[in-house]
Amino acid sequence: MGLEELYREVILDHYRNPRNQGHLEHPQASAQGVNPLCGDEITIEVSFDGDKVSEVAVDGQGCSISQSSASMMTEAIKGKSRKEINKLVGRFRQMMSLDEGDDLGLDPERPGAVLGDIEALQGVRQYPVRIKCASLGWNTLLEALDA
Amino acid sequence: MGLEELYREVILDHYRNPRNQGHLEHPQASAQGVNPLCGDEITIEVSFDGDKVSEVAVDGQGCSISQSSASMMTEAIKGKSRKEINKLVGRFRQMMSLDEGDDLGLDPERPGAVLGDIEALQGVRQYPVRIKCASLGWNTLLEALDA
Amino acid sequence: MTDLSYLKADFPILDNGVHFLDSGASSQKPIPVLEAMDRFARTSYANVHRGAYKLSVASTEAYEAARRRVADFIGATDEREVIFTRGATTSLNTVAFGWGLENLTEGDRILATEMEHHANLVPWQMVAKRTGATLDHVPITDDGRLDMAVLESKLGPDVKVVTVTGMSNVLGTIPDVPRIAELAHRHGARMVVDAAQLVPHTSVDVNQLGADFVAFSSHKMLGPTGIGVLWGRMDALEETEPFEGGGEMISDVTLHDATWADIPHRFEAGTPPIIEAVGLHAAIDYLDSIGMDKIFEHDQELTAIALERLVDVPGIAIQGPTDMKDRGGVVSMTMEGVHAHDLATILDEQNVAVRAGHHCAKPLMRSLGVTATARASFYVYNEEADIDALVSGLRRAGEIFGVN
Amino acid sequence: MTDLSYLKADFPILDNGVHFLDSGASSQKPIPVLEAMDRFARTSYANVHRGAYKLSVASTEAYEAARRRVADFIGATDEREVIFTRGATTSLNTVAFGWGLENLTEGDRILATEMEHHANLVPWQMVAKRTGATLDHVPITDDGRLDMAVLESKLGPDVKVVTVTGMSNVLGTIPDVPRIAELAHRHGARMVVDAAQLVPHTSVDVNQLGADFVAFSSHKMLGPTGIGVLWGRMDALEETEPFEGGGEMISDVTLHDATWADIPHRFEAGTPPIIEAVGLHAAIDYLDSIGMDKIFEHDQELTAIALERLVDVPGIAIQGPTDMKDRGGVVSMTMEGVHAHDLATILDEQNVAVRAGHHCAKPLMRSLGVTATARASFYVYNEEADIDALVSGLRRAGEIFGVN
Ligand SMILES: Cc1ncc(COP(=O)(O)O)c(C=O)c1O
Ligand SMILES: Cc1ncc(COP(=O)(O)O)c(C=O)c1O
């Protein structure tokens with residue numbers, strides 16, 4: 001446990017080389033999120049093909065946790081339906097101990113196992129102030145989809 | 001020392017039968033004073049004959065100390081010049097330990113000796129919160145004379 | 001008789017035998033409250049909401065735990081509805097200025113009562129002047145209760161806010177706030193309750209009160225000075241502009257503009273009273289460990305005894321209700337021929353601490369036709385012996401002034 | 001090297017080995033301060049200005065003694081010029097709203113700087129909106145100092161108030177306030193100083209500063225939370241309306257009108273932070289027993305060491321002055337490729353507490369071209385070992401993120 005758990009290689013990689021960076025030409029949904037306490041900012045834009053996410057772009061600035069989390073999120077939601085995305089967000093929030101509930105059937109020892117790369121973020125749970133960083137992109141995505 | 005020192009008979013007498021109560025027809029000087037903390041209020045009106053106080057009236061309401069002090073004061077200032085009044089006020093304030101200074105040549109053991117009845121108020125010194133009551137009328141008089 | 005005498009050991013300030021009957025102005029602080037603050041400052045203090053380091057996390061957690069504790073104590077369902085302020089006065093100014101300047105305009109009426117504390121009167125006067133709204137007042141009846149008939153008749157579509165004390169700090173009267181709130185809401189008005197005297201002495205549920213805003217102070221409920229609470233129903237808070245600008249209350253700031261942070265933070269500009277929040281938390285724990293119902297009962301019993309015994313003292317007149325119906329443990333009195341200030345001095349000589357004066361309620365004093373009263377107010381550490389001392393002190397005053 | 005290590009025993013919170021480098025956000029409290037408050041609450045507490053009984057007299061005397069102590073500490077000649085508030089934020093809001101709403105009008109200009117804390121920016125924005133005055137800003141130079149040439153050029157007869165931080169909470173810069181005050185006064189403008197960072201760290205004489213209003217907080221100068229100070233020159237206070245209405249601040253109240261009490265009481269509505277005033281008094285005694293000059297020297301020495309050693313850490317850039325001229329013990333830094341928030345977490349793992357973020361100075365951040373910095377700030381209990389820990393923590397961060 002400790003910093004190695006927090007700053008896994010995959011996180012640093014997404015931080016240095018964020019995926020799906022920038023803006024879409026004609027986003028169908030978008031939202032902005034800020035963490036007023038630390039100043040992190042994020043803009044998420046999404047386009048759909050039918051019910052499925054066809055394109056997603058993220059722009060913003062912030063710490064390695066918020067930026068890598070958003071980057072991994074964009075990869076994870078591409079091609080997914082709203083329903084699948086909701087489930088994904090639910091799993092993420094559960095991994096972060098933000099939500100309780102066992103209806104997602106996650107392994108309590110390794111709740112992030114089904115999340116692929118994103119599981120790397122579970123070290124954040126040990127750093128309660130950083131959980132807000134990790135969830136900034138996800139909360140902003142939810143806002144974009146709800147709007 | 002104690003309550004007997006504070007509530008001397010002469011004080012109670014002036015409280016029950018305040019002298020020079022009311023208003024003048026044509027006051028040449030007047031002022032209002034309040035003690036915002038306890039709500040005591042006083043109005044002092046003065047007329048002069050040359051430089052000397054010919055008439056004085058006091059109106060107001062408040063505790064035995066503020067009312068008797070004002071009543072005794074009205075008796076003491078009648079017929080006195082402004083200069084004499086200033087000296088009187090100085091002696092009063094010194095008796096109340098409000099001012100220092102020995103230029104008035106008062107007996108340190110009995111600084112109120114020259115003040116006549118008013119000396120009865122020196123028991124107030126033992127009750128610091130009541131000093132404001134005793135001096136309300138005197139401060140208001142000064143304001144009236146300064147105005 | 002409800003026996004709370006086991007608490008006295010927690011109040012070392014009473015050790016020298018003072019009969020402290022001025023809790024209506026401010027209560028004493030029990031050792032557990034003092035110790036909670038001291039311990040916190042020695043182990044977990046840092047500024048809140050600002051640091052990514054452990055002490056700041058611990059401090060923020062303690063501060064937010066105090067917010068949850070307050071919410072729980074007053075039956076608020078959403079802890080974000082609890083705003084920490086400097087005291088009831090600041091809470092009421094926040095409503096008057098923050099809500100009032102935004103929502104009142106020329107021709108609107110603000111309906112208050114004749115028995116408000118200056119804290120629930122002067123801010124509304126200031127806001128009325130700035131907005132052009134008028135301030136109207138419900139009078140009291142001869143027995144010192146709110147005149148409900150007049151209240152009803154004064155309501156109308158132009159009344160935008162009704163503001164009422166939860167318990168008079170002079171008379172002890174407890175108006176029927178749930179009923180007033182219902183009437184106010186029926187006319188589309190917001191309902192503000194100055195609960196500075198109510199929350200310390202009774203079990204309060206903001207939803208049962210039916211209020212939109214509720215204000216109270218920590219220092220009157222065994223907690224420290226320097227902190228108070230404004231509770232606001234979420235939709236009422238959403239109508240409210242911040243009263244102060246500064247750090248921690250913004251979402252973004254440019255050189256010329258700012259957007260507000262979420263509720264409650266937008267109402268908490270600057271470094272909040274952090275250590276004091278921990279103290280208030282401990283005070284609530286302490287009150288709850290006694291039980292608010294028991295505290296109310298205890299105050300009631302002492303008040304009943306006081307009312308019964310005071311009528312026998314020559315010259316004494318009680319201001320306000322003389323029976324126990326809908327009243328709390330505040331008893332104002334005057335003695336024929338003896339000014340309240342003199343009563344207080346004579347009582348003090350016998351180690352009885354009461355307050356004398358207008359109790360920051362000058363309009364009420366005028367309506368009662370008195371300039372000052374002596375006020376005894378009861379709390380958890382008081383007992384019958386305090387009333388004995390009060391009564392014998394009053395008799396002594398009567399002797400000195402020749403009252404019979 | 002100025003040795004203040006004998007003080008450390010007074011700060012038990014540091015016993016677990018934390019390298020506390022966030023005094024800029026809030027300082028720790030020494031035992032004598034905690035004990036003074038505890039002792040007061042156990043022996044002399046009651047509400048102030050209200051009772052004719054002994055406890056209330058003792059409490060009032062303690063509260064007013066704190067006022068005199070503050071006056072003395074900042075060189076105020078008249079103790080009535082010292083107003084107790086909730087903190088620097090409330091002090092600045094009192095000036096902006098209380099003075100600003102009365103004295104500013106359409107076409108007037110408020111001149112602030114680009115390095116103000118939100119507490120000295122947002123209230124002026126709010127007041128500018130309500131009065132129609134405009135808010136203008138003096139930029140900073142490349143080396144993080146106030147651009148005095150631009151300041152001079154921006155002054156003019158329409159500038160009614162100039163408001164400047166006494167020490168930047170981000171850069172550590174100490175502007176030449178006496179010079180600015182002279183310029184402001186020459187143009188007939190009032191001079192406001194946000195001294196939240198200045199008063200804790202240097203010997204301040206309000207008359208030497210030449211200011212009309214000076215604001216600061218207790219919690220940054222070893223005192224408790226919940227209290228701050230607004231000092232105002234008497235003629236400036238006379239131009240100022242009360243910011244809050246309530247008890248203790250009035251001379252008379254009718255149902256529709258109120259007249260204000262004398263200065264300072266008219267600015268202290270409601271029950272003030274009484275126990276906190278006693279704590280602030282003790283904090284000032286504590287600071288004076290060390291000596292403000294010694295404290296400044298000590299902070300300077302640590303800052304010089306920090307600046308010298310930080311340049312050797314790979315990737316580190318200092319924001320603000322990199323030399324010791326006119327600066328205090330606040331050092332902001334960024335590390336290439338590592339966000340400030342990550343720096344703070346990594347430092348925290350090594351028990352080094354720094355603050356990361358925008359430090360409530362977003363406009364300054366934009367002007368610096370950064371979104372966040374990590375900030376180390378020094379105070380009496382810090383020593384060289386804290387800088388060792390800081391530097392080694394930063395190196396560790398560089399390793400984790402592969403900075404070289
Ligand atoms: C320069 C400056 N001004 C104002 C403030 C606000 O002080 P407070 O939060 O104590 O009201 C601070 C502290 O955060 C500050 O550093
Ligand atoms: C009924 C009532 N309202 C408001 C206040 C003001 O409370 P504070 O002085 O704590 O702000 C008081 C206390 O004096 C009070 O009794």
Side-chain angles (χ1 to χ4, degrees), chain C residues 12-13 18 22 25-26 28-29 34 38 41-43 45-47 50-55 86-87 89-90 93 117-119 121-123 125-126 135 137 217 219 224-227 244-247 250 253-256 258 269-271 273-276 341 344-345 348 353 355-356 360 362-363, chain D residues 12-13 18 22 25-26 28-29 34 38 41-43 45-47 50-55 86-87 89-90 93 117-119 121-123 125-126 135 137 217 219 224-227 244-247 250 253-256 258 269-271 273-276 341 344-345 348 353 355-356 360 362-363:
Chain C
I13 200 166
V18 61
D22 195 25
S26 193
Q28 297 300 340
K29 327 297 171 203
L34 300 176
D38 194 79
R42 284 173 194 246
T43 58
Y45 179 77
N47 212 328
R50 297 194 181 189
Y53 54 89
K54 291 180 214 78
L55 272 181
R86 197 171 58 81
T89 299
T90 305
N93 276 276
H117 187 281
H118 294 163
L121 184 58
V122 180
Q125 291 179 345
M126 294 163 87
L135 179 57
H137 300 273
S217 290
H219 70 92
T225 46
I227 186 167
E244 290 190 39
I250 53 89
V253 182
T254 63
L255 281 172
H256 293 283
T271 302
I274 304 167
I275 301 174
E276 291 73 16
H341 217 164
T345 295
D348 185 42
R355 197 177 161 208
C360 297
K362 281 200 143 194
Chain D
I13 200 167
V18 61
D22 195 24
S26 194
Q28 296 301 339
K29 327 298 173 202
L34 300 175
D38 194 78
R42 284 173 196 245
T43 58
Y45 178 77
N47 212 330
R50 299 196 181 187
Y53 55 88
K54 292 181 213 79
L55 273 180
R86 196 171 59 81
T89 299
T90 304
N93 276 274
H117 187 280
H118 295 163
L121 184 59
V122 180
Q125 291 179 346
M126 293 164 87
L135 179 56
H137 300 272
S217 293
H219 70 92
T225 46
I227 188 167
E244 291 190 38
I250 54 88
V253 182
T254 63
L255 280 172
H256 292 284
T271 303
I274 304 167
I275 302 176
E276 290 72 17
H341 217 164
T345 295
D348 186 42
R355 196 177 160 209
C360 297
K362 280 201 143 193

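Per chain, numbering begins at 1; letters A, B, ... match sequence-line order.
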Structural part of [X] lying under 4.5 Å from a heavy atom of chain C:
X      : answer
D:N93  : side chain
D:I274 : both
D:H256 : both
D:I250 : side chain
D:T254 : both

So which of [options] has the biggest tally of heavy-atom pairs under 4.5 Å with chain C?
options                       : result
D:K54, D:H341, D:H118, D:Q125 : D:Q125
D:R86, D:E244, D:K362         : D:E244
D:L255, D:T89, D:L135         : D:L255
D:L121, D:V18, D:L55          : D:L55

Ignoring hydrogens, what is the shortest heavy-atom contact between [X] and [Y]? Give both atom names and the distance.
X      : Y      : value
C:H219 : C:S26  : ND1-OG, 2.7 Å
C:A269 : C:G246 : CB-N, 4.0 Å
D:A25  : D:R355 : CB-CD, 4.2 Å

Worksheet item: What residues, two or more places apart in sequence or in another chain, satisfy side chain to side chain donor-acceptor pair (under 3.5 Å) together with D:S217?
Response: none
Worksheet item: Looking at residues at least two apart in the chain, or sitting in another chain, which of them share a side chain to side chain donor-acceptor pair (under 3.5 Å) with D:T345?
Response: A:R130
Item to complete: Quick one: which of C:M126, C:K29, C:H137 has the most heavy-atom pairs under 4.5 Å with chain D, could you say?
Response: C:H137
Discussion item. For the interface with chain D, which of C:A258, C:A119, C:P363, C:P273 has the highest count of heavy-atom pairs at distances below 4.5 Å?
Written reply: C:P363
Worksheet item: How long is the gap from CG on C:L34 to CD1 on D:I275, to the nearest 0.5 Å?
Response: 7.0 Å
Worksheet item: Distance only, no hydrogens: is a donor on one side chain within 3.5 Å (strictly under) of an acceptor on the other, for D:T225 and C:Y45?
Response: no
